[in-house]
Amino acid sequence: MLSYQHAYHAGNPADLHKHMALAELLGMMTQKTRGISYAETHAGRGLYDLASPEALKTGEAAGGVARIVVDPATPYGRALGLARDLRGQAAYPGSPLIARLLLRPQDRLTLMELHPGEHVALRAALAGDGVAIHRRDGYAGLLGLAPLLPRKGLVLVDPSYEVKSEYETAAEFTRHLVLRWPQASVMIWYPVLAAERHADLIGGLAPLPHLRHEVVFCEAPARGMTGSGLLLVNAPHGAGRIFERVLAQGAGVFAGPTRVGT
Ligand code: SAM
């Protein structure tokens with residue numbers, strides 16, 4: 001099923017949580033000169049326009065990126081500033097573009113996007129040296145390519161959870177991926193809903209060492225999502241500290257109580 005379009009939700013509080021954590025992680029993982037692999041199973045279109053009819057229809061960015069003053073000295077602030085400088089003030093970088101803007105020539109990106117229109121847009125926004133873009137099912141595609149080179153890597157798993165079984169599928173994919181590619185860290189985003197559907201995801205990841213971080217939104221977007229969660233499997237050393245920085249940067253968008261732990 002491919003009815004979900006991220007353009008309606010770009011820049012909302014959940015995006016901010018995921019994108020700030022991603023930027024912080026990439027900042028940490030690129031401190032040594034050796035290159036890394038960055039991969040996404042569900043990339044989206046890479047670049048969004050917050051003045052588009054889709055974004056204006058839901059107005060979700062108003063409770064997210066439009067609500068805060070982003071510090072340009074943070075990795076997220078650097079990526080957002082660069083995207084706005086390059087593409088205009090209404091530009092909002094999705095996760096692949098944030099990675100592209102923060103990674104270095106020795107790093108590699110591998111991006112999977114199945115939706116034909118989103119795939120074309122992703123190519124237009126990101127194609128270039130060091131970037132491989134595939135129109136494939138992200139789970140099968142990445143399992144087929146893993147382990148990637150360079151071996152040290154970060155994989156973002158960001159499905160739209162249109163079907164309930166997606167929580168279990170994401171966990172199963174992650175278990176298989178880290179068997180094939182033990183040097184990869186995997187960050188999985190999930191929505192916090194009243195129905196607590198993410199229990200299947202958490203249960204499925206129980207055998208793997210992981211960190212978990214949840215925030216509650218000050219102003220929840222529609223569709224019953226009250227908060228946002230991230231799971232970090234095979235977390236790089238010291239990665240727990242990024243979540244404190246994300247909370248500080250997102251003050252005004254994220255409210256307590258938050259859940260931090262394993
Ligand atoms: N990661 C993006 C970001 O933060 O900017 C947002 C991704 S959006 C939540 C999910 C994307 O996954 C959609 O663009 C959708 O078309 C795509 N998608 C859905 N099923 C897929 C699949 N099986 N494989 C690859 N992409 C898929």
Side-chain angles (χ1 to χ4, degrees), residues 1-26 38-50 52 54-55 58 60-61 64-65 75-76 79-80 83 87 91-102 109-126 131-146 154-174 176-177 186-193 198 201 221 223 225 228-231 246:
M1 194 197 302
L2 285 175
S3 53
Y4 177 90
Q5 297 238 332
H6 197 65
Y8 290 94
H9 312 291
N12 76 5
D15 252 10
L16 220 51
H17 184 218
K18 169 182 64 188
H19 292 161
M20 284 176 165
L22 173 64
E24 287 289 336
L25 263 180
L26 289 172
Y38 173 75
E40 293 206 26
T41 51
H42 299 73
R45 56 173 42 220
L47 175 66
Y48 299 90
D49 176 5
L50 297 184
S52 69
E54 291 87 353
T58 58
E60 289 189 15
V65 68
Y76 179 71
L80 187 64
R87 309 292 186 126
Y92 184 79
S95 46
L97 186 57
I98 290 172
R100 178 90 160 104
L101 292 169
L102 296 179
L109 284 87
T110 303
L111 306 169
M112 306 277 168
E113 171 56 52
L114 195 54
H115 188 287
E118 298 297 282
H119 174 256
V120 168
L122 179 65
R123 279 196 168 280
L126 266 102
V131 185
I133 300 175
H134 304 262
R135 190 178 158 219
R136 284 187 77 172
D137 170 68
Y139 298 123
L142 203 54
L143 282 174
L145 294 177
L154 174 63
V155 177
L156 176 64
V157 181
D158 185 22
S160 45
Y161 297 100
E162 285 176 277
V163 288
K164 200 167 172 265
S165 57
E166 187 96 51
Y167 296 90
E168 227 177 304
T169 308
E172 194 186 354
F173 161 79
T174 305
H176 285 126
L177 185 76
V186 185
M187 185 162 84
I188 307 153
W189 177 83
Y190 60 90
V192 178
L193 305 164
H198 56 271
L201 173 60
R223 299 189 309 144
M225 180 168 53
S228 162
L230 291 169
L231 289 157
V246 167

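None of these values were measured; they are calculated from a predicted model. One-based numbering, in listed order, for ligands and for the atoms of each.
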Between the side chain of [X] and the main-chain N/O of [Y], is any donor-acceptor distance below 3.5 Å?
X: R135; Y: L114; value: yes
X: H17; Y: P13; value: no
X: E162; Y: Y4; value: yes

Check: Non-hydrogen atoms of R45 versus ligand 1: any pair closer than 4.0 Å?
Finding: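 Flag not set, R45 not near ligand 1.
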
Margin query: In this structure, does ligand 1 have an atom that sits under 4.0 Å from one of the heavy atoms of R136?
Written below: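 Contact check R136 vs ligand 1: positive.
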
Check: Which of the atoms of ligand 1 are close to H115, meaning less than 4.0 Å from one of its heavy atoms?
Finding: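 Within the 4.0 Å cut-off of H115, ligand 1 contributes 16 (O).
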
Using a 4.0 Å heavy-atom cut-off, say whether [X] meets ligand 1 through its side chain, its backbone, both or neither.
X: T41; value: backbone
X: A43; value: backbone
X: H42; value: both
X: Q5; value: neither
X: H9; value: neither

Notebook entry, point to check: Which is it for Y161 and L201 under the side chain to side chain contact (heavy atoms under 4.5 Å, CB included) test, yes or no, and what are the steps along the way?
Noted result: CA-CA 11 Å; Y161 297 100; L201 173 60; 3.9 Å; yes

Item checked: Nearest heavy-atom neighbours spanning Y48 and E118 ->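 Looks like OH-OE1, 4.5 Å.
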
Item checked: Non-hydrogen atoms of I98 and P93 that approach each other most closely ->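 Result for this residue pair: CD1-O, 3.6 Å.
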
Next item on the list: Please indicate whether any nitrogen or oxygen in L114 is less than 3.5 Å from any nitrogen or oxygen in ligand 1.
Entry: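 N/O-N/O distance below 3.5 Å exists for this pair.
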
Notebook entry, point to check: With a 3.5 Å cut-off and no angle check, do the side chains of Y92 and H19 form a donor-acceptor pair?
Noted result: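 Yes, because at least one side-chain N or O of Y92 sits under 3.5 Å from a partner of the opposite role on H19.
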
